[in-house]
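Let me begin by presenting the structure, written as structure tokens, before commenting on it.
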Amino acid sequence: MKDLNINELDRKFQEKIDNEIKIEPKDYMPEAYRKTLIRQISQHAHSEIVGQLPEGNWVTRAPNLRRKAVLLAKIQDEAGHGLYLYSAVETLGADREETIDDLHSGKAKYSSIFNYPSLTWADMGMIGWLVDGAAIMNQVPLCRCSYGPYARAMVRVCKEESFHQRQGYEIVTKLATGTPEQKEMAQESLNRWWWPALMMFGPSDADSKHTAQSMKWKIKRHTNDELRQQFVDVTVPQAELIGLKVPDPDLKWNEETGHYEFGEINWNEFWQVVEGYGPCNKERVDARRKAKEDGAWVREAANAYAEKRAKRKAS
Amino acid sequence: MTKQEALFEYVLRKADDTLILGHRLSEWCGHGPVLEEDIALTNLALDLIGQATELYQYAAEVENKGRNEDDLAFLRLEREYKNVLLVEQTNGDFGKTIVRQFLFDHFQSLLYERLMNSADEQIAAIAEKSIKEVKYHLKHSSEWVIRLGDGTEESHNRVQESVTDLSRYIEELFYQDEVDEILIKEGIAADTASFKEEYYNNINAVLSEATLSLPEKMWQLDGGRKGVHSEHLGFLLAELQYMQRTYPGMEW
Ligand SMILES: [Fe+2]
Ligand SMILES: [Fe+2]
Ligand SMILES: [Fe+2]
């Protein structure tokens, strides 16, 4: 090892990546690769946890027993995703609680979509259909991510996300084919969630500072704009099928390219939300911080009890 | 009261217990003290709401008036909900939620063990199906009572206060009236008096390991089984029923 200088290690590392060999926790990796992964995976974990909140907002108001159970199960899955992802972060030498503190201090980001309010029951459908739908587009390629633990976590997560997407679309379909009031509820919700869903794919390629390096490291396989296009192409026909109108006057099918053309995203709004000034940024972070603070005595008690027990066993 | 009416009332009472407690637990979703417990509390909520669904389905069948499980769960007046007062009490801190659960789990476990042998096949089947869940809940809540009771001074004081506060609602778990009498004779219901002593022995064993105790003077409240509730239930129902009340007669 001694005579391998750092450049040589980096070269071998890139060679493995180029040959689609997974990087495992104990393998050599450049510091920047490690840092990028810690940032990305912990952001992903935070998104799962913060993502519980807008849906949690409707658990106690779900319209029937079956919907209540399905919604609870779905949110529970998201918490589970958070757990696997925090474990994946820990394989990189980061500490789960420290990364969570970064979320609470506003240093770490999470998916900006969860900073929008969930105002009607239709939003439960829209979140499943559009938000989990967009998450799947982002995450399926991550199953082939160069970092082994992240790729493996994603395989498990993606299976559940597709169930989430289906239950969301089912809720929306039920509304869209229901009474005029229900149909109106679905359309109004789509109007609010459509653009934020497109923003989930991040800044346009021209403005994305991490994309090139992440593609070279095979953490990322497609650019933001490619994924966004794929999402629009898949989702627009789903909306049409149930008689909902995508709120974009510029949306049209391009026969030649085989893709939809769509209007310009409001990037001011995007950056405002990313910077922390969206409709619910403060509420979301406050809720997470409050859960941690309110739970401090519980965690202390659990630790104190475990220590006492260990002592009693030893003596 | 006919046997059929008693059976409807009996099943409805059990259904309301599980729905209301499940609903309370679901309020924790996304706000648990650690991620693992967020998941665990949601699990409990899911189990209880699942049990409630089966019980309401059966109650609706027994009633035979064209109502379904959702009509029963969502479209009654507050006075028509027959759950015990314990389950509607607010979550408070995590310790209070755990104590409420602990007091209920020990009761439900002894009850379901007996209902597994009910002469009513449906009740026996639901009890048999649920008992595994209930045993798991019991283990979870008992372990937490011990951890918190024998944890730090702060946690000890907090849970002791919850034990003292919630002890007023214990006796109501054993409440029986004509409904029970009719069904006990038929071998359908379990006589709660037959396992009351065992219940107190069981909870006291855990409490003493946790360095906690029931208060010396045990006050008691009831009313839940007759639909006279605490002030908390109305607000819970306002949320629970919001969609069904605002958009009557629609499917979701
Ligand atoms: Fe997820
Ligand atoms: Fe996700
Ligand atoms: Fe999901």
Discussion item. Heavy-atom cut-off 4.5 Å, strictly under: side chain, backbone, both or neither for A/Arg288 against chain B?
Written reply: side chain
Worksheet item: If you measure from CE on B/Met250 to CG on A/Asn64, what distance do you get to the nearest 0.5 Å?
Response: 14.0 Å
Item to complete: Starting at CD of B/Glu69, measure out to CZ of A/Arg66 and round the result to the nearest 0.5 Å.
Response: 10.5 Å
Practice prompt. Report, as yes or no, whether the 6.0 Å neighbourhood of atom CD on B/Glu161 holds more than 12 heavy atoms from other residues, nucleotides or ligands.
Written response: no
Practice prompt. Give a yes or no on whether B/Arg245 atom CZ has more than 12 heavy-atom contacts from other residues, nucleotides or ligands under 6.0 Å away.
Written response: yes
Discussion item. As an exercise: rank A/Glu307, A/Arg309, A/Arg299 by heavy-atom pairs under 4.5 Å with chain B and give me the winner.
Written reply: A/Arg299
Worksheet item: If only atom types and distance count, is the side chain of A/Lys308 paired as donor or acceptor with the main-chain N or O of B/Asp150 below 3.5 Å?
Response: yes
Worksheet item: Taking everything shown except B/Glu128 itself, do over 12 heavy atoms lie less than 6.0 Å from its CD?
Response: no
Fill in: Atom pair CG (B/Leu44) and CG (A/Leu72), whose distance is rounded to the nearest 0.5 Å
11.0 Å
Practice prompt. Write down the atom of A/Ala69, the atom of B/Leu46, and the distance for their closest heavy-atom approach.
Written response: O-CD2, 3.3 Å
Practice prompt. Taking the side chain as every heavy atom from C-beta outward, state whether A/Ile49 and B/Leu35 have any atom pair closer than 4.5 Å.
Written response: yes
Discussion item. Using every non-hydrogen atom in the two residues, find where A/Gly295 and B/Pro33 come nearest and quote the distance to one decimal.
Written reply: CA-CB, 3.6 Å
Worksheet item: Any side-chain donor-acceptor pair under 3.5 Å between B/Thr42 and A/Gln76?
Response: no
Discussion item. Any non-hydrogen side-chain atom of A/Gln52 less than 4.5 Å from a side-chain atom of B/Asp38?
Written reply: yes
Item to complete: Please flag which part of A/Thr60 lies under 4.5 Å from any non-hydrogen atom of chain B: side chain, backbone, both or neither.
Response: both
Worksheet entry | A/Ala62 portion near chain B, given a 4.5 angstrom heavy-atom threshold | backbone
Fill in: Heavy-atom contact with chain B under 4.5 Å, split by part of A/Ile100
neither
Item to complete: Could you have a look at B/Glu36, B/Glu27, B/Gln244 and say which one has the most heavy-atom pairs with chain A under 4.5 angstrom?
Response: B/Glu36
Worksheet entry | Euclidean distance, B/Phe74 CZ relative to A/Lys68 NZ, rounded to 0.5 Å | 5.5 Å
Discussion item. Counting C-beta onward and ignoring hydrogens, is there a side-chain heavy-atom pair between A/Thr179 and B/Tyr247 closer than 4.5 Å?
Written reply: no
Item to complete: Below 4.5 Å from any heavy atom of chain A, which atoms of B/Phe94 appear? Answer side chain, backbone, both or neither.
Response: both
Discussion item. Taking side chain as everything from C-beta outward and backbone as N, CA, C, O, which of these in A/Met185 sits under 4.5 Å from a heavy atom of chain B? Side chain, backbone, both or neither.
Written reply: side chain
Worksheet item: chain A heavy atoms under 4.5 Å from B/Leu19: which part of the residue, side chain, backbone, both or neither?
Response: side chain
Response to the item:
Taken to the nearest 0.5 Å, the spacing of B/Glu251 CD from A/Lys174 NZ works out to 4.5 Å
Worksheet entry | Which atoms of A/Leu83 approach chain B - backbone, side chain, both or neither, heavy atom under 4.5 Å | both
Fill in: chain A interface, residue from B/Gly149, B/Gly32, B/Cys29, B/Gly30 that has the most non-hydrogen pairs under 4.5 Å
B/Gly30
Worksheet, complete the sentence: Bottom line for A/Leu175: the part with an atom under 4.5 Å from chain B's heavy atoms is side chain
Practice prompt. Kindly give the heavy-atom pair with the smallest separation between B/Ile39 and A/Gly80, and that separation in Å.
Written response: CD1-N, 3.8 Å
Practice prompt. Examine whether an atom of B/Trp144 lies under 4.5 Å from a heavy atom of chain A, and if so say whether it belongs to the side chain, the backbone or both; otherwise answer neither.
Written response: side chain
Fill in: Residue selection (most heavy-atom pairs with chain A, distance under 4.5 Å) from B/Ile98, B/Thr246, B/Val34, B/Asn43
B/Asn43
Discussion item. Please find the pair of heavy atoms, one from A/Trp297 and one from B/Asp93, that lie closest to each other, and give the distance.
Written reply: CZ2-OD2, 3.5 Å
Worksheet item: Where does A/Asp294 contact chain B at under 4.5 Å (heavy atoms): side chain, backbone, both or neither?
Response: neither
Practice prompt. Select one option (side chain, backbone, both, neither) describing which atoms of A/Arg67 are under 4.5 Å from chain B's heavy atoms.
Written response: side chain
Item to complete: Could you have a look at A/Gly178, A/Gly56, A/Ala79 and say which one has the most heavy-atom pairs with chain B under 4.5 angstrom?
Response: A/Ala79
Worksheet entry | Polar side-chain atom of B/Asp70 near backbone of A/Leu65 as donor-acceptor pair, under 3.5 Å | yes
Worksheet item: Side chains of A/Tyr305 and B/Ile146: closer than 4.5 Å at any heavy-atom pair?
Response: yes
Worksheet entry | A/Glu300 with B/Arg158: basic N within carboxylate O range, under 4.0 Å | no
Item to complete: Start with the C-alpha gap between B/Tyr242 and A/Trp58, add the side-chain angles, then the distance that decides, and say whether side chain to side chain contact (heavy atoms under 4.5 Å, CB included) holds.
Response: CA-CA 10 Å; B/Tyr242 168 71; A/Trp58 278 86; 3.8 Å; yes
Practice prompt. Heavy atoms only, distances under 4.5 angstrom: which of A/Glu55, A/Glu170, A/Arg96, A/Gln182 has the most pairs with chain B? Name it, please.
Written response: A/Gln182
